[in-house]
There are 2 protein chains.
Amino acid sequence: MDIRTLCLGILSLGDTTGYDIKKMVAEGAFSFFSEASYGSIYPALTKLTDEGLIDCRTETQESRPDKKIYSLTQAGRKALEASLTHAPKPDRNRSEFLAALLFAEAVSPERIEDLIAERIDHHHAQIGMLETLLAKESGKAARFVLQYGIVMQEAAKRFLEENRTDLGA
Amino acid sequence: MDIRTLCLGILSLGDTTGYDIKKMVAEGAFSFFSEASYGSIYPALTKLTDEGLIDCRTETQESRPDKKIYSLTQAGRKALEASLTHAPKPDRNRSEFLAALLFAEAVSPERIEDLIAERIDHHHAQIGMLETLLAKESGKAARFVLQYGIVMQEAAKRFLEENRTDLGA
DNA sequence: GAACACATGTAAGAAGTTACATGATTAT
DNA sequence: ATAATCATGTAACTTCTTACATGTGTTC
């Protein structure tokens with residue numbers, strides 16, 4: 001999902017600032033399935049404002065840059081709706097892990113066990129993070145997304161634990 | 001995984017051409033977890049040749065551009081090994097689907113059922129494709145990767161089938 | 001006094017995609 | 001005849017990240 005749509009989507013859930021959008025994608029319920037840097041968020045918000053898809057009101061602060069609080073306009077809501085209406089392009093299964101595994105067989109087979117062990121730890125950590133997020137989250141769709149994430153990570157972890165020996169020998 | 005490493009990795013499995021690398025990532029066992037276009041593959045091969053990580057021999061053909069067959073050099077093998085040795089950066093769970101689902105709740109809830117139905121179909125199709133690939137594949141690591149893929153797709157599909165009603169009402 | 005949180009923004013560069021350009025051969 | 005397969009390559013563009021720039025207040 002491009003940053004523009006991501007910003008529109010987050011604003012559909014409530015008014016907020018660029019700084020807080022970054023926090024949501026870095027730590028919040030969004031961090032599981034999206035990412036974005038300031039360098040993409042701020043310009044996106046500026047552009048969306050110019051196009052009339054979002055509004056910006058400024059909250060003056062002392063000894064800090066003024067806070068810019070954005071909110072979705074009617075046009076923005078329409079635009080978001082439109083981009084959700086035509087089917088999202090299929091998710092890619094790009095995986096550094098699987099690629100590394102496949103190539104390690106030919107070039108450094110002794111690395112395979114490590115790779116799998118690291119990956120199991122990674123899934124374990126992700127499950128922990130998702131459960132923490134789930135405990136804090138009350139939105140229906142957000143909980144669904146986090147549960148989906150947990151199920152996926154657990155399935156992956158289980159598969160690796162059950163089949164790790166197949167590639168060792 | 002960047003295109004450079006992907007090319008080195010594929011060449012670690014055997015000599016081949018840019019054209020065939022593209023076919024592998026578009027249709028072969030690699031298509032599940034990677035992607036690349038000619039516009040990135042050809043320049044990458046040229047650059048890797050300049051750097052001495054791969055060799056190029058030309059096979060003359062009539063009525064076709066000459067075929068350029070690349071092979072990994074010792075230096076290339078070292079470089080690939082090195083990039084597999086430091087832990088791959090964690091896979092991202094970027095998902096158009098999950099993002100769309102989350103935002104649809106706020107902006108067009110009537111779309112949620114469609115989204116889930118489409119996604120179930122998508123998983124179904126992916127499982128079919130993976131099983132076809134698996135039937136043709138004999139490499140140990142490649143089979144492992146494809147089985148991993150099947151397990152993931154099935155887990156996702158099952159989750160959606162079992163929980164689809166949670167978001168309808 | 002060092003590091004982090006708050007808060008915005010820009011410029012340079014990485015990495016890739018898309019679309020084009022070329023052109024013969026083979027299958028439908 | 002029309003499309004697909006074979007085979008290479010380039011140029012323009014998109015999209016995003018990284019690193020910088022700025023500055024205060026708070027916590028360790």
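Just so it is clear, the structure is predicted and the values come from calculations on it, not from any experiment. The chains referred to below are lettered A, B, ... by the order of the sequence lines, with proteins before strands, and numbering in each begins at 1. Side chains included, hydrogens not; waters and symmetry mates left out as well; all remaining heavy atoms used.
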N-O pairing of [X] and [Y] below 4.0 Å:
X	Y	result
B:E51	B:R4	yes
B:E161	B:K157	yes
B:K47	B:D50	no

Gap between atom [atom2] of [Y] and atom [atom1] of [X] - 0.5 Å precision:
X	Y	atom1	atom2	result
A:E35	A:F30	CD	CZ	14.5 Å
B:K136	B:E131	NZ	CD	13.0 Å
A:E154	A:M152	CD	CE	9.5 Å

Check your understanding: Does A:Y70 belong to the same Ile/Leu/Val/Met/Phe/Trp/Tyr cluster as A:Y19, with side-chain heavy atoms less than 4.5 Å apart forming each link?
Key ->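 Different clusters: A:Y70 never reaches A:Y19 through Ile, Leu, Val, Met, Phe, Trp or Tyr contacts under 4.5 Å.
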
Review point. Do the side chains of A:L80 and A:L13 join up, straight or via other hydrophobic residues, at under 4.5 Å, putting them in one cluster?
Key: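 Yes, A:L80 connects to A:L13 through the hydrophobic network.
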
Exercise for review: Please check if the distance between the ring centroids of B:F159 and A:F144 is under 6.0 Å.
Suggested key: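 Between A:F144 and B:F159, which both carry aromatic rings, the centre distance is below 6.0 Å.
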
Exercise for review: Identify, residue by residue, the members of residues 15-28 of chain A with a heavy atom below 4.0 Å from DNA chain D, and return them in order of residue number, or none.
Suggested key: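 DNA chain D contact set from residues 15-28 of chain A: none.
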
**Study point:** Phosphate OP1/OP2 of C:dC6: any A:Q61 side-chain N/O under 4.0 Å
**Key:**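 Result: no.
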
Practice item. Would you mind listing every salt bridge (charged side-chain N to carboxylate O under 4.0 Å, His left out) that reaches into residues 11-31 of chain A, with sequence neighbours excluded? Key: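 Found A:D15-A:R57.
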
Point to revise | End axis versus end axis in the helix from C:dG1-D:dC28 to C:dT28-D:dA1, the angle rounded to 10°, five pairs used at each terminus | key: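 That helix has its two terminal axes inclined by roughly 40°.
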
Spacing between [X] atom [atom1] and [N] atom [atom2], to the nearest angstrom:
X	N	atom1	atom2	value
B:Y42	C:dA19	OH	P	18 Å
A:K67	C:dT8	NZ	P	8 Å
A:D66	C:dA7	CG	P	11 Å
A:I69	C:dC6	CD1	C1'	14 Å

Review point. Can you name the residues that form a salt bridge (Lys or Arg N to Asp or Glu O under 4.0 Å) with B:D2, not counting sequence neighbours?
Key: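 Checked B:D2 against salt bridge (Lys or Arg N to Asp or Glu O under 4.0 Å); zero matches.
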
Practice item. Could you check which residues of residues 45-56 of chain B get a heavy atom under 4.0 Å from DNA chain C? Sort them by number, please. Key: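 Hits under 4.0 Å, by residue number: none.
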
Practice item. Encode nucleotides 15-24 of chain D as B, S and - characters from 5' to 3', where the letter depends on protein heavy atoms closer than 4.0 Å: B to the base, S only to sugar-phosphate, - to neither. Key: -SBB-----S

Exercise for review: Test B:D91 against A:S95 for side chain to side chain donor-acceptor pair (under 3.5 Å), laying out the working first.
Suggested key: CA-CA 6 Å; B:D91 289 342; A:S95 170; 2.7 Å; yes

